[in-house]
Protein chains: 2
Amino acid sequence: MNEKPRSATTKDRLVAAAYELFEERGFDATTAEDIARRAGVGRTTFFRAFGSKDDVIFPEHDQLLGRIDERLAAATPATRALALSEATRVVLRHYLDEGELARARYRLVGSVPALRARETGGIQQYQRLFARWLREWMSDLPDGHLRADLLAADLVTAHNYVLRRWLRGQTSDPESEFDQAMRVALERYQPSGLEPSSAVVVLRTSATPAAIQAQLQPLLDSEEP
Amino acid sequence: MNEKPRSATTKDRLVAAAYELFEERGFDATTAEDIARRAGVGRTTFFRAFGSKDDVIFPEHDQLLGRIDERLAAATPATRALALSEATRVVLRHYLDEGELARARYRLVGSVPALRARETGGIQQYQRLFARWLREWMSDLPDGHLRADLLAADLVTAHNYVLRRWLRGQTSDPESEFDQAMRVALERYQPSGLEPSSAVVVLRTSATPAAIQAQLQPLLDSEEP
DNA sequence: CTGTGTATTGGTACTCCGTACCTTATAGAC
DNA sequence: GTCTATAAGGTACGGAGTACCAATACACAG
């Protein structure tokens, strides 16, 4: 009852045709009919597959938002900092996996103001999702809601900082730059007034040593890689 | 050689007509011709005054950006924290002065996704302007560019936090909430690893005591109000 | 194989946005 | 008065997005 492979193929052909034409003649000079024709389908089919011309460039945000939400929902109070970092990493990995497609989108969005607005709208959705969880987690701190909004903005900004460096080809190791960026961003996440280098870990005494090790390892890895 | 009063009146009538119609029948159900007709002008005149239907809602961003840029350009190394706070306050004051108009825009933008995207695009412009200055000021710190981007995001986020509370009628003293929000946001602005409660002040020895007092007073005010 | 219901696609027509271009009118300059 | 410049209205056009209808492909029961 999901999508059939044939349907995915049609969408993929449309995306490929769109990127080709956008790079050939620019976004504004390309009509929806041009894209449809090159993909070998009718104009109607194009608008059925993508609600608008912009949507060809920005697909599947909803899916990413869902994965972030899942990751944050699974966090325990002791692992929240890690969950924030990992949820953000989900987005980074998505773009890294896209490879050249992500770079083509970056070039395109950078040259078309209308698409820029659309992209920042998508980014804002991530930020609001993070803020929703963080407000819940930090609501009893002084200025908790404000600090939650700030941390959400920092996470998204740190992500974009690393992503854009990678998109521009300014880094060959985005993952470790991302680790460092997350460390800086998460300086804001200090539930109590502890030293930045300390950590609070809560473990069930009934847990096996192996389980404890499994939970601790990623925390330690993210501290000193 | 600037605008004539008559021209301003026409634009004002169009803005008023647009807000009326948007609240009556909604944004999408209102055509550009409807607005022009109610304002008593032709459709062509509407598009000459505002480049698009969205522009009726978001005017004069360029002017605000210019004032922020001026304020930041005038900062000396010792007064940069204050300049950041004051530049952000320029934006807040602008919306406070608009009064009910700002609230009408807020209601409208909240209900029309297309306008939301447009608004976040404008916000992003502020953020990028702050980031441009901050990158210059912080470029020799470790992770300076990243920290500059984060602080820019924090300033904009803190501003929006207070502004939205005021727009929703959740505060009667936005200015002092803004002071507190700026204090929290500027925690990120620690050029060296000093205690958060300390400050670095550089003064010319040739300055008169009165001039020193004038420069110090706002800094002290923003520390402990 | 045939008939029937269903889902996907293509086609046509429509509204509206935004732009280009042309015409008109109003207001000074002389 | 005429001449010219500037603001305004009118018309026409291309393209986005929507609604609706026709055609075709497909599944499956009989």
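As a basis for the values below, the full set of heavy atoms in this structure was taken, side chains included, without hydrogen atoms, waters or symmetry mates. Protein chains get the first letters and strands the later ones, always in sequence-line order, with residue 1 at the start of each.
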Task: Partners meeting ring pair (Phe, Tyr, Trp, His ring centres under 6.0 Å) with B/Y106 (sequence neighbours left out) - done: none

Open item on the list: If I take atom CG in residue A/D54 and atom P in nucleotide C/dC17, what distance separates them, rounded to the nearest angstrom?
Closed with: 17 Å

Extract from the structure each pairing of a protein N or O with an N or O of nucleotides 19-24 of chain C at less than 3.5 Å, listing the distance.
residue	atom	partner	partner atom	Å
C/dT19	O4	B/R43	NH2	3.3

Task: Given DNA chain C, 5'-ward residue of the pair A/F46 and B/E33, judged by closest heavy atom - done: A/F46

Open item on the list: Could you tell me how far apart A/R25 (CZ) and D/dG14 (C1') are, to the nearest whole angstrom?
Closed with: 15 Å

TODO: Please state how far atom CG in B/D55 lies from atom P in C/dC17, giving the value in whole angstrom units.
DONE: 13 Å

Open item on the list: Ring of A/W133, cation from A/R80 - is the NZ or CZ under 6.0 Å from the centre and inside 45° of the axis?
Closed with: no

Open item on the list: Whole angstroms only, please: what is the CZ-C1' distance between A/R37 and D/dG15?
Closed with: 13 Å

Task: Within-4.5 Å side-chain heavy-atom neighbours: A/L150 and B/Y161 - done: no

Task: A/A32 or B/G40, whichever maps to the more 5' nucleotide of DNA chain D - done: B/G40

Open item on the list: Restricting to non-hydrogen atoms, name the atom on A/A158 and the atom on A/M182 that form the minimum distance, rounded to 0.1 Å.
Closed with: CB-CE, 3.9 Å

TODO: Report yes if some heavy atom in the side chain of A/Y189 is under 4.5 Å from a heavy atom in the side chain of A/M138; otherwise report no.
DONE: yes

Task: Between C1' of D/dA16 and CZ of A/R118, the distance in whole Å - done: 14 Å

Task: Length of the CZ-P vector between B/R13 and D/dA8, whole Å - done: 10 Å

TODO: Determine whether the aromatic ring centres of B/H159 and B/Y126 lie less than 6.0 Å apart.
DONE: no

Task: Side chain of A/K53 - closest among C/dC16, C/dG18, D/dG17 - done: D/dG17

